[in-house]
Amino acid sequence: MASECILEIKNIKKSFPGVKALDNVTINLKRGEIHALVGENGAGKSTLMKILAGIYTPDEGEMLFDGKPFVPKKPVDALDKGISMVHQELDLVPEMTVEENVFSGREKKKGIMVDKRGMQKRTQDLMDELGIHLDPKDKIKNLSTAEQQMVAIIRAIAFDAEVIIMDEPTSAITDREVAKLFEIIEKLKGKNKSIVYISHKMDEIYSLTDEITVLRDGQLIGSVHTKDVTPDELIHMMVGRELNAVFIKDAPKSATYDENEVVLKVENLTRANEFYNINFEVKRGEILGIFGLMGAGRTETMETIFGLRKADSGTVTMRGDKIHGVKAAIRKGIAFVTEDRKLFGLNLIGSVKDNITIAYLKQVLKGGFLMDFKKEKATSDELIERLKIKCASRDTLAGTLSGGNQQKIVLAKWFMGDPDLLIMDEPTRGIDVGAKAEIYKLMDTLVKEGKSIIMISSETPELLGMSDRIIVMHEGFITGEASKNELTQEELMAYAIGETEKAKA
Amino acid sequence: MNKQRSNADVANKKVNVGAILGKYGVYIALLVLFVALSFASESFLTVTNLFNILKQNAVYGILAVGMTFVIVTGGIDLSVGAIVAMAACFAAALAQKGTTTPVVIAMLVGIVAGLGCGAFSGFFIAYAKIPAFIATLATCTIARGIVYVFTDGRPITGVSDAYKYIGRASWGVVPVAVVIYAIFLILGTFLLKYTKYGRHVFAIGGNKKAATVSGVNVEITEFMVYVICGFCAAFAGLLLSSRIQTGQPAGGEGYELDAITAAVIGGASLSGGKGSVFGSLIGILVVGILTNGLDLLNVSSYYQQIIKGVIILLAVLADRKKD
Amino acid sequence: MNKQRSNADVANKKVNVGAILGKYGVYIALLVLFVALSFASESFLTVTNLFNILKQNAVYGILAVGMTFVIVTGGIDLSVGAIVAMAACFAAALAQKGTTTPVVIAMLVGIVAGLGCGAFSGFFIAYAKIPAFIATLATCTIARGIVYVFTDGRPITGVSDAYKYIGRASWGVVPVAVVIYAIFLILGTFLLKYTKYGRHVFAIGGNKKAATVSGVNVEITEFMVYVICGFCAAFAGLLLSSRIQTGQPAGGEGYELDAITAAVIGGASLSGGKGSVFGSLIGILVVGILTNGLDLLNVSSYYQQIIKGVIILLAVLADRKKD
Amino acid sequence: GNSSESAKTDDTVKTEEKTENAADDTVEKDDAAKDTAEVSSDGDTYKIAWVDGNLANESNSVCTAAAKAYAESITDSKIEFTLLDGEGSGEKQVDQTETLIAQGVDCIMMQPYDAAACQVGVQACIDAGVKVLVVKAPIEDQSICPFIGQDDIVAGQMEMDWVADQLGEKGNIVILEGPTGNSAALNRNDGITKALESYADINVLYTQTGNWNRDEGMSLMENWLQTGEQIDAVVAHNDEMALGAYDAIADAGKVGEIKVIGIDAIDAAKESVSAGEMDATILQDVEGIAKKAVDVAVMLCKGEEVEDTYYIDPVLLTKDNIADYM
Ligand SMILES: Nc1ncnc2c1ncn2[C@@H]1O[C@H](COP(=O)(O)OP(=O)(O)OP(=O)(O)O)[C@@H](O)[C@H]1O
Ligand SMILES: Nc1ncnc2c1ncn2[C@@H]1O[C@H](COP(=O)(O)OP(=O)(O)OP(=O)(O)O)[C@@H](O)[C@H]1O
Ligand SMILES: [Mg+2]
Ligand SMILES: [Mg+2]
């Protein structure tokens, strides 16, 4: 009979030039088990899973699939065995449609032609099951990050896989979709499929998984039953020291908060099909949270404020000056941590240093145009240190860093400018528990210095924890606004799904 | 950024015009060109002349079909001109008057040479990961060198009458060359749009890493694209040499640029992931009709160049509201 | 994928060899070539010949400097050959024997023509978002057409003696052309590596969208890159025409491929974000030394092509363990 | 690239044979001529077209300009002169010929870029009943239509013979060739090779293509010179390359030690010869060819009898006679 473990990973070692990504890692994955894989950014989680998926080959160690040796040389080998993966970095083909992406590499055929209709239907069915409303014929490049993530999930579950690896599948989607996803995962578990689930979100791990394996710096720290370990213990295992995991802002409002000093003023901002009549103000020393469901138009609104998109009508004023264009926005002291780090945030073939300093090069120039390398090195080293970016050196290529560390580069880039207004779109995407606290602390320091922050987040605890005030958007409209003490998670949701608006009408 | 949603219920009309221009720009440009030339020159709008244009451009057209595959993967093939010459010379050398080698065999040898060149480039690109620009440039020089050695730099003439068929015969008003080009267009479209292989071509052009991860055999797909392109180039070479009844060792020079231009005017993107075989036909027609029309209007070749440059720019400009 | 880290404390030795080859592949290839030719031909390793090689390749070298900028942004410039001809003809026409126009003015006019062509391409690429391939191809045809109209297809001879200086004079054993090339190399390296502008060039080549978000003025940066390339091409044109004391309307044809090849051999990636001015020198040397050596060995031009193709492939192969 | 591409495949004796062979066809051709004349000419208007091989070539551009000017100067009948440029591609010339036939011209003057491809274009004219003649360089089988031009083999022979004579039939030479596969280059090379057969003591040190270019000619010469080998003469397939070689020689301080000869007698070469720099060049009287070609074209249009071959002889220009040709 089949062995109890669908997958046995034994003593895997993997080095990249300059880093030992995995050192002697052993994990057993049982049938019908949801197995969490946790650890700090750069611990080696994604690397291990990529080895499973045939993307990397291990330097040492062996793997058994269903008791038999398993040596995947290419992704196909793993796919053929029934191992599919939701990748941390969204690897979709932008010019192709949802259906084409879902079936990429595993197209259904009808004679010698592809069975387009059949595949579209199957895609539609899966989307219905997940409760997302997309057309299988939509091109990926027209989807929001969240929608893309959903497509990646659909791709992984579209085939009757035995093992599904999910590398931070919920980093960009909102609670509603998360709930749907969990339903599906449970269903898969019911069919005796096995899931490896990587996440930095404690609540997800506790509500979903049966078993947890912890990695730290490429080393296996241990595997435990989820019910046998408390969150504090788990965090201790991950970071190797005590950590006050949840950062609590000292005071509800920072001392510099000044209700009368408007930093950013947005008036009647409209872009057809995206958002309408957006009005709000950001005050000095304030953290303004923005909540909404997937596709509510938050990202577009912020991109428009920052000058990446042109508004159909309406104005954006920063400290009294109208702004248009990204350069003007940056000059006026606005910074923008984008949601999609790979597309908008990073030059993956540039070094960590080059990425950090690109937005504020003028700070590391001498004579206005000449690079001051010494200063540049010092500045980037300081930021690498401050954000604890795990990289071999400042000259490492950004593309070789782990997902969370890439996100930290994007943050570092904007922290460097010490901006007056920092817009952060899903800033803690893929960031580990410890680093999150660091980032919250940095945000807190900023507002204490009298700066302001707009924070978009789909993680309600984070939003409720950090914001002084929260605006809720629904289908392109602002449907609610309240200071955070007035809001519960439920009320937030009610605004977000547009119920309150209906009530008003 | 400013990506437009295809299925947008567009609110204001201005955008709509832009969208239409963006989507059909090249077609509109082609139409304008066509109508303008019909008025400017009496000789332009005649059946003979239109078939004439197609016949004259069949060689470039077939090259552009193959090139489209390459470009969709994000590659480029600079060796097609040399392959044209190689296939032409090899086949012409075998299809001499009075020899017993059947013409079909001679042509097959030419085709095999093209497949070989394509496989050579494809190997270095797909497996040795050498940039396509360099690999195909190398194939180009090597192939051209071989052709010169083979022919001693002299054209190969004296081909048998049967050899002339594909390039010069007509079925009624329809030249055989045009029929062959049509077949290439149909097969190319079918392969690229309706088969699994075609999807893989788009997938690796759109995002090679994503394609690898989803189990597409990137290497074979990429390799095959150059083989296909080599095949098309060889066939184009046969057509050319049949048309001029000669194997020219220096023939086909610079054809790669024409083929690439046609594909790009037709909407293919050199960064990969976009393009269509039918689009390459449009590209061929824009350039072909323009050349023909300017010749008919007796425009000096110096001014022709200037005009062509401007028109190609305008055609693509009309088409590129998007990126 | 497998991108390698530069400052690695490498764990196993096998990787190490690969890494060294990967990092210094082209240099090693160049060295091997150099040593081999020194043995094969007595005349190769002489001071005169080495300066000879540099002098003969100064024109290509300067083109490659400009091309490197373009390639690092992920673009391509097919118009440099035509710009070479335009600058050469305009300047030569003004610098006639017996006219009062100072040579410097004549040269300036040539340079301005080059800047104009570069700005023309740059405008359509950066602002009208037309693919660089098409825009520069259009610039190429238009510029070439203008040159033909201007010269009526005839070379412009009879330039003044002063005009010959930059192309023909020597300071001791060092030809002035070589000194000029060296200046271009130094200034190019400086601009690309040590200035804010250079950083922006790399940033837009690496990820244009991310650069936009970071406040880089993508349009101006991209535009300027073509202006720089036009400047280099114009200067190369002056050098060429000074060397041959003629403005050749058909001159410079195909030089774009040489310049691109040199840049790519030197490590630039046509998909952007990678490349160096110094690398382009290495590329120039590989091709230049090879040609010179094969000429000295009296290898027939047919075989030269085959050998060159193979060596370029090998040089890049040694260099491309990475991508 | 620059040079003329005039050539003739066969030597004179053979051509005479051809003349006889072609005699039978004449009747047929005349019939066709009458047909077209009826269709297209109202009164005395003739549409004649020149299909040039490559107008980026100086010699061609001079030749076509002369033809155009001459055609316009003809008054007894009205000539509509069309000029098309094959841009260095025989196939393009075939395309253009077809386009012209579709347009209904009366006579096509083919200046072939390559002999074999243009054969097809000429044949297409004959098949369609359009008058056709070939200018400057012959097509593969020149027996099918009249030819006006120079014999490149003779030019090659003439240049080699002169060099041999200058060297006392002994010494080392280098050859700068035109582009591979180009008819003119092939024929000039054949002429040189043929001449060399009679000079056993002349040694060809290097031979390499300079692609008609002055800079390539210069670079090659620079390379050869610095080997230190004794070079006594440069035999170039055209003047541009010869001028480049001369510059290299001058830079190396070897003026006077090495003979330099080219073909075409372009202005720069004539100046150079008259200034005592280059030693000789061979004149192709392109303007003479152009005028003759237009005359023959008009005769064909009128249905008059024409000869099969009109040779405009090449002339060797040296310091001694250059003054007469400036
Ligand atoms: N292709 C690569 N080249 C070089 N180093 C790499 C490569 N991929 C990963 N690494 C390194 O290996 C280590 C482990 O990375 P990995 O992506 O597995 O981390 P992770 O646990 O998934 O982190 P995160 O939570 O941030 O996603 C990191 O130090 C990373 O920089
Ligand atoms: N580049 C784009 N082109 C066309 N449509 C887009 C693009 N990006 C997003 N959209 C669409 O605009 C709508 C709003 O998306 P947006 O990203 O602003 O949502 P959001 O509120 O930020 O939520 P989330 O980021 O969680 O998805 C979505 O329906 C999305 O499909
Ligand atoms: Mg990861
Ligand atoms: Mg968003």
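Since the structure is predicted, the reported quantities are computational estimates derived from the model, not experimental observations. Chain naming here is simple, since letters A, B, ... match the order of the sequence lines and numbering starts at 1 in each.
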*At what distance, to the nearest 0.5 angstrom, does CD1 of B/Ile312 lie from CD1 of C/Ile130?*
11.0 Å
*CD1 of C/Ile265 to CZ of B/Phe133: how many Å apart, nearest 0.5 Å?*
10.0 Å
*Is there any residue in residues 297-308 of chain C with a non-hydrogen atom under 4.5 Å from a non-hydrogen atom of chain B, and which ones are they?*
C/Tyr302, C/Tyr303, C/Gln305, C/Ile306
*Sort B/Thr261 into side chain, backbone, both or neither according to what part of it lies under 4.5 angstrom from a heavy atom of chain C.*
both
_Interface residues of residues 66-79 of chain B facing chain C - non-hydrogen atoms under 4.5 Å apart_ = B/Ile76, B/Leu78
*Looking only at heavy atoms, which of residues 137-152 of chain B get nearer than 4.5 Å to chain C?*
B/Leu137, B/Ala138, B/Thr141, B/Ile142, B/Arg144, B/Gly145, B/Ile146, B/Tyr148, B/Val149, B/Asp152
*Compare every heavy atom of B/Ala135 with every heavy atom of C/Leu313, then report the nearest pair and how far apart it is.*
CD1-CA, 3.8 Å
*Note, C/Leu270 side chain near B/Pro131 side chain (heavy atom, < 4.5 Å)*: no
*Who pairs with C/Phe120 by ring-ring contact (aromatic ring centres under 6.0 Å, His included), at least two apart in sequence or on another chain?*
C/Phe124
